[in-house]
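This report refers to the structure that appears directly beneath it.
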Amino acid sequence: MPEEDVLLIAQASDALAHPVRVEIFRYIYMENMNRRTVCNKDIVNAFDYSQATISQHISKLVISKLVEVQKKDNFSFYYVNIGILGKYLNAVKKLNEK
């Protein structure tokens, strides 16, 4: 298995290793699929977590590159990186290959 795939699996899996991050990731994904933008305030309103907790979890998703952030004025908008998600899913499929 290529080292690039191994690193991608490790990084993305680490980002998704916490249930709150899975929930946030799914929320962003579903909103994006419905062509809606997502900012911090939207995520804070959707979940019963503090702004600080949300920010820490989003930071981990952004570092993993599963989520991209675009800043506009004083707002940060979040988008699932479909390319990285696809590469991650394909790399995971390779785990059972010889």
Side-chain angles (χ1 to χ4, degrees):
M1 175 174 255
E3 184 177 347
E4 178 183 328
D5 287 347
V6 172
L7 292 173
L8 176 61
I9 290 170
Q11 197 169 36
S13 295
D14 183 46
L16 295 171
H18 195 287
V20 173
R21 286 194 293 271
V22 172
E23 290 176 356
I24 291 170
F25 180 79
R26 184 175 185 280
Y27 174 79
I28 295 169
Y29 180 79
M30 297 306 289
E31 291 299 298
N32 289 170
M33 293 302 289
N34 288 312
R35 301 194 186 277
R36 290 190 287 264
T37 58
V38 178
C39 69
N40 266 358
K41 150 181 95 107
D42 299 325
I43 299 170
V44 171
N45 288 338
F47 297 97
D48 191 26
Y49 304 112
S50 70
Q51 169 69 43
T53 298
I54 296 286
S55 292
Q56 287 177 351
H57 287 302
I58 288 175
S59 176
K60 189 86 169 182
L61 291 168
V62 170
I63 289 168
S64 75
K65 299 181 182 168
L66 285 170
V67 170
E68 295 180 325
V69 60
Q70 293 180 1
K71 296 185 186 276
K72 185 175 181 182
D73 299 323
N74 292 334
F75 297 96
S76 295
F77 294 94
Y78 301 100
Y79 302 90
V80 167
N81 185 334
I82 297 295
I84 293 295
L85 178 60
K87 286 181 181 180
Y88 170 67
L89 295 173
N90 286 332
V92 169
K93 287 178 188 174
K94 293 178 189 176
L95 285 173
N96 65 353
E97 294 177 358
K98 294 182 181 183

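Numbers for residues simply follow the sequence, beginning at 1. Note that the structure is a prediction, hence the values are computed from the model and not measured. All heavy atoms count here, side chains included; hydrogens, waters and symmetry mates do not.
Separating the NZ atom in K60 from the CZ atom in F25 is a distance of 15.0 Å, to the nearest 0.5 Å. Atoms NZ and CG, on K87 and L89 in that order, are 13.0 Å from each other to the nearest 0.5 Å. Atom OG1 of T37 sits about 9.5 Å away from atom NZ of K72, to the nearest 0.5 Å. The line from OG of S64 to CG of D14 is 8.5 Å long, rounded to the nearest 0.5 Å. A distance of 11.0 Å separates CE in M1 from CG in L7, rounded to the nearest 0.5 Å. Put simply, CD1 on I58 and CD1 on I43 are 3.5 Å apart, with the number rounded to the nearest 0.5 Å.
Counting heavy-atom neighbours within 6.0 Å of N45 CG, excluding the residue itself, gives a total above 12. Residue N96 qualifies as enclosed at atom CG: its count of foreign heavy atoms under 6.0 Å is above 12.
The shortest heavy-atom contact between N81 and K65 is CB-O, 3.1 Å. Of all the heavy atoms in V92 and I9, the pair that sits closest is N-CD1, 3.9 Å. When every heavy atom of E23 is checked against every heavy atom of Y49, the shortest pair comes out as OE1-OH, 3.4 Å.
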Practice task
Show the numbers, then the answer: is there a side-chain contact (heavy atoms from CB on, under 4.5 Å) between L8 and I84?
Solution key: CA-CA 9 Å; L8 176 61; I84 293 295; 4.0 Å; yes
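No single ILVMFWY cluster, assembled from side-chain heavy atoms under 4.5 Å apart, contains both I63 and V6.
Contact of the L95 side chain with the D5 side chain is not registered, since no non-hydrogen atoms from C-beta on lie closer than 4.5 Å. Between L16 and L61 the shortest side-chain heavy-atom distance falls below 4.5 Å.
Here the side chain of S55 pairs a donor or acceptor atom with the backbone of Q51 at under 3.5 angstrom. Using a distance-only test at 3.5 Å, with no hydrogens or angles considered, no donor-acceptor pair links the side chain of N32 to the main chain of Y29. A donor-acceptor contact shorter than 3.5 Å links the side chain of R21 to the backbone of A15.
Qualifying side-chain hydrogen bond (donor to acceptor under 3.5 Å, both in side chains) partners for Q11, counting only residues two or more places apart in sequence or in other chains: none.
The ring-ring contact (aromatic ring centres under 6.0 Å, His included) analysis of residues 56-98, with sequence neighbours excluded, yields the pairs H18-H57.
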